[in-house]
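Notes follow once the structure below has been shown.
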Protein chains: 4
Amino acid sequence: MNAQRRAPRAARRNEAARRAILTAALALTAQDGYARLTIERIAVKAGTGKQTIYRWWPSKGAVLLDALLMISEGDGDGTRPAELPDTGDLEADLKAVLHATVSELNTPEISKPMRALALEMLGDDVLAADYRQRLERPVKEMKRRRLRRAQLAGHLAPEVDLDVAIEMIWGPLRNRWLHREGPLTSSYVDTVLKTALDGMRPRP
Amino acid sequence: MNAQRRAPRAARRNEAARRAILTAALALTAQDGYARLTIERIAVKAGTGKQTIYRWWPSKGAVLLDALLMISEGDGDGTRPAELPDTGDLEADLKAVLHATVSELNTPEISKPMRALALEMLGDDVLAADYRQRLERPVKEMKRRRLRRAQLAGHLAPEVDLDVAIEMIWGPLRNRWLHREGPLTSSYVDTVLKTALDGMRPRP
Amino acid sequence: MNAQRRAPRAARRNEAARRAILTAALALTAQDGYARLTIERIAVKAGTGKQTIYRWWPSKGAVLLDALLMISEGDGDGTRPAELPDTGDLEADLKAVLHATVSELNTPEISKPMRALALEMLGDDVLAADYRQRLERPVKEMKRRRLRRAQLAGHLAPEVDLDVAIEMIWGPLRNRWLHREGPLTSSYVDTVLKTALDGMRPRP
Amino acid sequence: MNAQRRAPRAARRNEAARRAILTAALALTAQDGYARLTIERIAVKAGTGKQTIYRWWPSKGAVLLDALLMISEGDGDGTRPAELPDTGDLEADLKAVLHATVSELNTPEISKPMRALALEMLGDDVLAADYRQRLERPVKEMKRRRLRRAQLAGHLAPEVDLDVAIEMIWGPLRNRWLHREGPLTSSYVDTVLKTALDGMRPRP
DNA sequence: ATTTAAACGAGACGGTACGTCACGTCTTCTG
DNA sequence: CAGAAGACGTGACGTACCGTCTCGTTTAAAT
């Protein structure tokens, strides 16, 4: 199948070196900040040659993307959660999800490389597309499915555009985090969530 | 203010060199992209020495910030518009403002250096603070004043947090632009605006 | 001799690969010059793995040495001529030999790899010793035998040091060639030969 | 004058850095051998940036050439000896000169970088031409003048080609040194000199 | 109307990192 | 099981810019 077609080159890949590189990239970003992250430093820290990095990744940003994927796949049992919670109470469910995200974004080991990746994507369309494909899209579809169910259950007005709804609910949090426009607190996301949902409830 | 602190030294400052540098920075960013913008290239293009740039600006980003200020001050008669339109129809007024912004963000000569500046600010807090002080704050207060008037006129629910409202109305546009998540169209901002305002109208 | 030392391993040696490597080395040296000759390019051109080269030769220079031996053994019937001509006329005989050498040195396919080998030997004593053993020594002894016979026949003064004589006759040609100090012509070697022999004839 | 026309660029040159680079190149060549001489090592040892070397020299070989010129100009009072000795006894004079050269070539600090330069010249025609212009030519003309005077004084046959004579006298020494074909001793050059001169004396 | 001190253009300098090349070794798969 | 294929750690390459530092040379102020 198609995995086999790709195999000839990737088969030879040294998995230990791959993990060492991703781990080193995360550690250096967390330690010294992204500005001081260098291919050479990653290589030294990982105990590999620079060429091994250039062979498999087109840029620092691509390394970070893989590193973050490694983290998220390492969570739990190796599979990604497939659905947002659905207890029937939309606001409570989203609150729980948002609080978890707030907590994650307040964790420097995750937040720092994520911001670095976001920064890099702003200037690298290929990387951004890759990110959307591999990390953002599945998450977004999960969100869309949850909102669709709410819509069918009559908790959201039928005319609401779900993509806009997602932007309204999650966008402010991302902005605050990315642009450091204020502290990331549970009460902030609660306010945003309430305001957003209020605008999308079915009209009587 | 900033200008006053360094006024004694600035007395000798060569205004022609200053403009040449800002113009060169904009031109190079528009031409080759921000990634290829360097102090040396700005200096060569502007026909100045590197030291003249280092003397007056702490970083590339600061040059861009001044360059964008130069553009925005060059508009009209040299003074910034102090207020958003207020015809009494909030949605119509905001629609007009948002359409103007969409048009501006679809102009590469403005959009490219602006995105570059946004990128630079993500990694440079001093620059970000300076930006907020000099460009963002006055604009945000303008928005806040307009929404406050709408609230007093009973077009917005009194309990709405105006900062959250601003985020709801302008945030999605900024996100779409900054992260290139989709085309910037009038209809998109119209949809966002309608959804946002629906959630903030006074309850009967 | 050398072959006997490594015979045990050589039993398995792939002769086709050996010839492909030597031929590739010569071709690449003639084409692109010695400076651009690398083990990797030889391997690619020869269609072998790099390891096959490293297994059998200690250096690029050693490959070239074998390649030149392959050429010289390929001449005629596979055996090397054992003696310089001896018609009784020393000057005429040497002239013939020197003219043949001049012609060979004006042939780029031979001259370029030979110069490369000479260059490599300057910085590699082991290679130089190997070269002297396998290529230079037999040739030099041939020359010495011819001059010895001339001495016995009374065409050279008995007190002449034959090694010095060889240096006087063949040295200038080698220098001119190796250091590109001038064109390699028959008349040049004729002049050198005449001057040298004049100094070595028996005194009356 | 013309020195001033060239001056604009060279005037700014940092003489201390130049000397540090040449000294470092000599020291490293003497210590570790030419094979381990690297632009990066020269820069580190000299305490300069690599670019300072690349700015002023096109290659390692060119650095060595300047380094050797620095040595030879450093001898005595800063001027190069203009003539070989001429006591009227050609053989004695040349013997003295050759013995001095033998002594020099047995000094590793001089001999090692000189051999390295010779090696480099074999593969770099521009460098070789520069070498001939700046080091070899003046020396060769000195030799030619001495032999010419000997010819006029009747110590050399009038029909002798002086360039060939130079090659006969000095060539064997250079060869032995360059190709390490034997020990460099006074008696060797004496033998060569005697043989060569014997062939060039006026015929009765 | 001179002086004089700064800002200026030019660009050399010590550095850091880049992305590439080739080295010589090691590993995997294939004929 | 030798050999092709090529990944790997290593180290040097030559280049691009960094930010600092002289150099003369304007140039505008305070004499």
Side-chain angles (χ1 to χ4, degrees), chain A residues 7-18 20 36-44 46-56 58-60, chain B residues 8-18 20-21 36-44 46-56 58-60, chain C residues 9 11-14 16-17 20 36-44 46-60, chain D residues 7-18 20 36-44 46-56 58-60:
Chain A
R9 295 189 65 233
R12 310 283 178 114
R13 187 165 184 175
N14 181 341
E15 178 61 16
R18 180 179 167 273
R36 314 196 63 184
L37 183 68
T38 279
I39 298 276
E40 298 205 331
R41 283 157 78 99
I42 296 174
V44 167
T48 73
K50 282 198 293 178
Q51 199 60 54
T52 301
I53 301 179
Y54 284 111
R55 187 153 30 231
W56 300 110
S59 66
K60 273 190 302 184
Chain B
R9 299 182 59 228
R12 304 273 186 126
R13 185 164 185 178
N14 182 339
E15 179 61 16
R18 181 179 167 272
I21 287 164
R36 315 196 61 185
L37 183 68
T38 67
I39 299 278
E40 300 206 332
R41 284 158 79 98
I42 296 174
V44 167
T48 73
K50 284 198 293 177
Q51 199 56 50
T52 301
I53 300 179
Y54 283 110
R55 191 157 21 235
W56 300 110
S59 67
K60 271 190 304 184
Chain C
R9 298 182 60 227
R12 301 267 190 145
R13 184 164 186 176
N14 181 337
R36 315 197 61 184
L37 183 68
T38 67
I39 299 278
E40 300 205 332
R41 284 157 79 97
I42 296 173
V44 168
T48 73
K50 285 198 293 177
Q51 200 57 49
T52 303
I53 300 179
Y54 284 111
R55 194 161 12 241
W56 300 110
W57 291 275
S59 66
K60 271 190 305 185
Chain D
R9 293 190 68 233
R12 307 280 179 128
R13 186 165 184 175
N14 182 339
E15 178 62 17
R18 180 179 167 272
R36 314 196 63 184
L37 183 68
T38 279
I39 298 276
E40 298 205 331
R41 284 157 77 98
I42 297 174
V44 167
T48 72
K50 281 198 293 178
Q51 199 60 53
T52 301
I53 301 179
Y54 284 111
R55 187 155 28 232
W56 300 110
S59 66
K60 274 190 302 184

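Worth knowing before you read on, the calculation uses all heavy atoms, side chains too, and leaves out hydrogens, waters and symmetry mates.
Taking atom CD1 of C/Ile39 as the reference point, atom P of F/dA5 lies 17 Å away to the nearest angstrom. Nucleotide F/dC8 holds its P atom 12 Å from the CZ atom of A/Arg18, rounded to whole Å. The distance from atom OH of C/Tyr54 to atom P of E/dG24 is 4 Å, rounded to the nearest whole Å. In this structure, D/Ile53 atom CD1 and E/dG15 atom C1' are separated by 13 Å, rounded to whole Å. Between the CZ atom of A/Arg36 and the P atom of F/dC18 there is a distance of 17 Å, rounded to whole Å. Atom C1' of nucleotide F/dG9 and atom CD1 of A/Ile42 are separated by 16 Å, given to the nearest angstrom. A/Arg13 places its CZ atom 7 Å from the P atom of F/dC8, with the value rounded to the nearest Å. One interatomic measurement links the two molecules: CD of A/Glu40 to P of E/dT20, which rounds to 13 Å at whole-angstrom precision.
Looking at which nucleotide of DNA chain F each of A/Glu15 and D/Lys60 is closest to, the 5′-most match is held by A/Glu15. Two residues, A/Gly47 and C/Gly47, neighbour DNA chain F, and the one matched to the more 5' nucleotide by heavy-atom proximity is C/Gly47.
For a distance-only test at 3.5 Å, the side chain of C/Gln51 qualifies as a donor-acceptor partner of the base of E/dC26. With hydrogens and angles left out, the side chain of A/Lys50 and the base of E/dG19 share a donor-acceptor pair within 3.5 Å.
Of the listed nucleotides (F/dG3, F/dA7, F/dG14), F/dG3 has the atom at the smallest distance from the side chain of C/Asn14. Closest contact between the side chain of B/Arg55 and the listed nucleotides E/dG24, E/dC13, E/dA7 involves E/dA7. Listed nucleotides E/dA22, E/dG14, E/dA17 differ in distance to A/Arg41; the shortest reach to its side chain belongs to E/dA17. Among F/dG3, E/dG19, E/dG14, the nucleotide with an atom closest to any side-chain atom of C/Thr52 is F/dG3.
Here the shortest heavy-atom pairing between C/Thr48 and C/Ala17 reads CG2-CB, 4.2 Å. Between C/Ile39 and C/Lys60, the shortest heavy-atom distance links the atoms CD1-CG, 3.9 Å.
Within the cation-pi definition used here (under 6.0 Å to the ring centroid, within 45° of the axis), B/Arg13 qualifies as a partner of B/Trp56.
Residue A/Trp56 places at least one side-chain N or O under 4.0 Å from the OP1 or OP2 atom of F/dC8.
For the pair B/Ile53/B/Lys50, no side-chain contact is recorded, criterion being any heavy-atom separation below 4.5 Å from C-beta on.
Across the helix from E/dA1-F/dT31 to E/dG31-F/dC1, the helix axis at one end is tilted relative to the axis at the other end by 10° (nearest 10 degrees, each axis from five pairs).
A/Thr38 contributes no side-chain N or O that, together with a main-chain N or O of A/Arg41, makes up a donor-acceptor pair within less than 3.5 Å.
Interatomic distance, B/Ile42 CD1 to B/Ile21 CD1, rounded to the nearest 0.5 Å: 8.0 Å.
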